[in-house]
Number of protein chains: 2
Amino acid sequence: MHAFSRTVSGHAAPVRPAQLREQPQAVSFHAAGSEIYGQGERAKCLYQVEFGAVRVYRLLADGRRQISAFYLASETFGFEADAVHHFFADALVATGIRIIRPSATDMAAQLLPLALRSLTRAQEHLLVLGRQSAVERVAAFLLDLAERQGGFDHVDIPMSRIDIGDYLGLTIETVSRAFSRLKQDRIIRLLSSRSVEIVRRKTLSDMSE
Amino acid sequence: MHAFSRTVSGHAAPVRPAQLREQPQAVSFHAAGSEIYGQGERAKCLYQVEFGAVRVYRLLADGRRQISAFYLASETFGFEADAVHHFFADALVATGIRIIRPSATDMAAQLLPLALRSLTRAQEHLLVLGRQSAVERVAAFLLDLAERQGGFDHVDIPMSRIDIGDYLGLTIETVSRAFSRLKQDRIIRLLSSRSVEIVRRKTLSDMSE
DNA sequence: CGGGAAGTTGATATAACTCAAGGTAGGTGG
DNA sequence: CCACCTACCTTGAGTTATATCAACTTCCCG
């Protein structure tokens with residue numbers, strides 16, 4: 001169903017698709033937790049994940065956080081409607097980021113497909129947040145992650161339970177209980193808290209639609 | 001700002017704007033509830049609302065519905081990452097739709113800003129669905145609607161409580177109680193169930209951030 | 001007027017949140 | 001190499017916001 005699933009593997013060395021004809025740029029390294037850009041900063045380029053993972057999020061005045069997307073190896077982020085960032089972006093783990101400055105001439109033609117993919121993703125996520133239960137949300141999350149890591153049964157989870165909660169609109173405890181429930185029902189196996197094996201994929205995908 | 005934002009009432013006969021006569025061949029009429037496109041249909045063009053209002057939504061297998069966006073007069077919708085619609089779109093009230101076929105040459109340049117605006121909108125809506133209470137969601141909804149209708153204190157609501165619920169991830173009863181609460185606190189006045197006056201805009205906007 | 005759809009309000013149920021206590025694992029220094 | 005420390009995670013118990021079920025009201029529209 002997702003059109004953007006040609007990522008090879010979350011574990012292998014990062015693959016860089018030649019989607020964008022960009023001026024060659026150095027890859028910058030970001031330690032876990034370090035900021036890539038902040039809300040209000042001037043948006044001047046795009047970012048492509050070489051290795052590692054990134055979270056993009058907004059904050060409410062009282063500190064509530066909504067992660068709008070995670071980006072894995074080979075994925076591109078940082079689009080803005082105007083010249084200013086409306087979100088924060090930081091590294092989840094040690095991460096390499098390639099900076100991309102599309103040439104002015106055909107910038108739109110290069111950006112449009114990427115922007116539309118992000119739009120579709122965000123719209124699908126609205127359905128999850130608006131209408132799915134905690135277990136359904138976690139099921140959809142795991143399937144999405146698996147697909148973006150190559151569609152294998154083994155899923156590597158580069159983010160904490162807090163991050164998952166802030167992405168799915170749940171608390172850390174509810175996320176943990178959803179994992180436990182899926183494990184108890186033999187739908188997944190928890191190799192560690194950051195490593196999951198999908199045992200009954202069909203059941204999982206039935207839950208998320 | 002928006003050409004046709006001063007709709008008098010969701011029930012009144014649709015007003016036929018002057019532009020319509022200038023390009024009559026491109027406009028189609030849709031009665032309330034009639035489908036504009038369906039999930040799985042081939043996406044071949046964009047749509048601009050001339051008058052009326054449109055809802056774009058997805059369904060889960062068991063009938064749960066998530067409205068991902070409403071579109072009002074002058075707004076454009078129908079972008080897809082691939083050539084297939086992933087959502088349903090239908091008219092909320094009697095609606096005029098202009099069909100747009102961007103010329104192949106500069107399609108991307110025209111579409112990109114529209115797509116990015118939709119993306120920003122969807123991302124902001126994620127924050128509402130993921131992290132805000134029922135009253136906060138309704139407050140954000142009313143402010144958004146007011147802004148898109150020209151920023152006046154009087155807000156015309158072209159959709160039912162069910163539609164609002166399916167947009168905000170709430171039930172019809174919870175939406176109704178949120179309206180009643182805002183009314184009771186003298187933040188809004190309910191002229192009718194489809195017509196609201198914003199009395200304390202600052203309070204309302206403080207609630208939604 | 002009368003009937004039906006839409007909206008409101010009340011009572012109760014429940015999923016998820018909050019608060020609290022333990023458990024686990026990876027990293028560091030002894 | 002082990003023991004401790006700290007982060008993160010899990011589980012349990014009680015609370016709360018929203019959903020559900022149900023009755024009543026209002027407003028169109030014939």
Side-chain angles (χ1 to χ4, degrees), chain A residues 31-33 55 60 62-66 92-94 128-139 141-142 156-185 188-196 207, chain B residues 8-13 31-33 55 60 62-66 92-94 128-139 141-142 156-185 188-196 207:
Chain A
R55 65 183 165 216
L60 286 170
D62 61 3
R64 281 176 288 178
R65 182 178 69 157
Q66 177 65 38
L92 279 171
V93 294
V128 173
L129 294 192
R131 287 293 176 222
Q132 296 199 267
S133 71
V135 175
E136 289 169 339
R137 292 181 204 204
V138 170
F141 170 73
L142 286 175
D156 192 48
I157 303 176
M159 62 288 284
S160 70
R161 297 290 187 264
I162 293 181
D163 286 327
I164 298 172
D166 283 349
Y167 177 64
L168 297 178
L170 301 170
T171 60
I172 174 179
E173 294 95 335
T174 299
V175 171
S176 184
R177 280 185 252 266
F179 272 97
S180 298
R181 178 61 181 281
L182 291 172
K183 173 189 173 187
Q184 180 191 312
D185 294 352
I188 62 171
R189 243 194 295 270
L190 275 172
L191 310 180
S192 80
S193 68
R194 302 296 189 97
S195 177
V196 165
M207 298 180 87
Chain B
V8 175
S9 151
H11 307 294
R55 64 184 166 216
L60 287 169
D62 61 3
R64 283 175 288 178
R65 182 178 69 156
Q66 178 65 39
L92 279 170
V93 294
V128 173
L129 294 191
R131 286 297 177 221
Q132 297 199 262
S133 71
V135 175
E136 289 168 339
R137 291 181 205 204
V138 170
F141 170 72
L142 286 174
D156 192 53
I157 303 175
M159 61 289 282
S160 70
R161 297 288 188 266
I162 293 180
D163 287 327
I164 298 172
D166 283 349
Y167 176 64
L168 297 178
L170 300 170
T171 60
I172 173 178
E173 294 95 332
T174 299
V175 171
S176 184
R177 280 185 251 266
F179 272 98
S180 299
R181 178 60 183 282
L182 291 172
K183 173 187 172 187
Q184 180 190 312
D185 294 352
I188 64 171
R189 245 194 294 269
L190 276 172
L191 310 180
S192 79
S193 70
R194 300 296 188 96
S195 176
V196 164
M207 298 179 86

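Not measured: the values here are computed from a predicted model.
- E173(A) pairs by the salt bridge (charged side-chain N to carboxylate O under 4.0 Å, His left out) definition with nothing, not counting sequence neighbours.
- Atom C1' of nucleotide dT26(D) and atom CG of L191(B) are separated by 16 Å, given to the nearest angstrom.
- A donor-acceptor contact closer than 3.5 angstrom links the side chains of T174(B) and T171(B).
- Residue contacts for T171(B): at a heavy-atom cut-off of 4.0 Å it reaches a base atom on one of the strands shown.
- With contacts defined as side-chain heavy-atom distances shorter than 4.5 Å, the pair R131(A)/D166(B) qualifies.
- R161(B) places a side-chain N or O within donor-acceptor distance of the main-chain N or O of S193(B), the cut-off being under 3.5 Å.
- Going from atom CZ of R161(A) over to atom P of dT24(C) covers 15 Å, rounded to whole Å.
- Taking a 6.0 Å sphere around CZ of R64(A), one finds it holds more than 12 heavy atoms contributed by other residues, nucleotides or ligands.
- The 12-atom threshold is not exceeded at CZ of R189(B), counting heavy atoms of other residues, nucleotides or ligands nearer than 6.0 Å.
- Pair assignment for dG29(C) gives dC2(D), based on Watson-Crick or G-U wobble hydrogen-bonding distances that are each under 3.5 Å.
- Nucleic acid contact class of S133(B) (heavy atoms, under 4.0 Å, all strands): sugar-phosphate only.
- Atom P of nucleotide dC17(C) and atom CG of D166(A) are separated by 11 Å, given to the nearest angstrom.
- Looking at heavy atoms from C-beta onward, L182(B) lies in side-chain contact with L142(B) at the 4.5 angstrom threshold.
- Glycosidic conformation of dA7(D): syn, with the torsion inside 90° of 0.
- Here R137(A) lies out of heavy-atom contact (under 4.0 Å) with every strand.
- For dC9(D), one of the phosphate oxygens OP1 or OP2 lies less than 4.0 angstrom from a side-chain nitrogen or oxygen of R194(A).
- Using modelled atom types, one side-chain atom of R137(A) and one backbone atom of Q132(A) make a donor-acceptor pair closer than 3.5 Å.
- Under a cut-off of 6.0 angstrom, the local environment of CZ in R65(A) is crowded, with over 12 non-hydrogen atoms contributed by other residues, nucleotides or ligands.
- Side-chain N or O atoms of S180(B) include one that pairs as donor or acceptor with a backbone N or O of S176(B) at under 3.5 Å.
- The residue among S192(A) and I162(B) whose nearest nucleotide of DNA chain C is located toward the 5' end is I162(B).
- Within residues 174-182 of chain A, the residues approaching DNA chain C are T174(A), R177(A), by heavy-atom distance under 4.0 Å.
- Atom CD of Q132(A) is separated from atom P of dA15(C) by 16 Å (rounded to the nearest Å).
- Computed from coordinates, the I172(B) CD1 to dA22(D) P distance equals 16 Å when rounded to whole Å.
- Between L190(A) and R131(A), it is L190(A) whose nearest contact on DNA chain D lies nearer the 5' terminus.
- At a threshold of 4.0 angstrom between heavy atoms, the contacts of G169(B) are confined to the sugar-phosphate backbone, with no base atom among them.
- The distance from atom CG of L168(A) to atom P of dA15(C) is 18 Å, rounded to the nearest whole Å.
- Nucleotide dT10(D) holds its C1' atom 9 Å from the NZ atom of K183(A), rounded to whole Å.
- The bend of the helix from dC1(C)-dG30(D) to dG23(C)-dC8(D), defined by the angle between the axes of its first five and last five pairs, stands at 40° to the nearest 10°.
- With hydrogens and angles left out, the side chain of E173(A) and the base of dC9(D) share no donor-acceptor pair within 3.5 Å.
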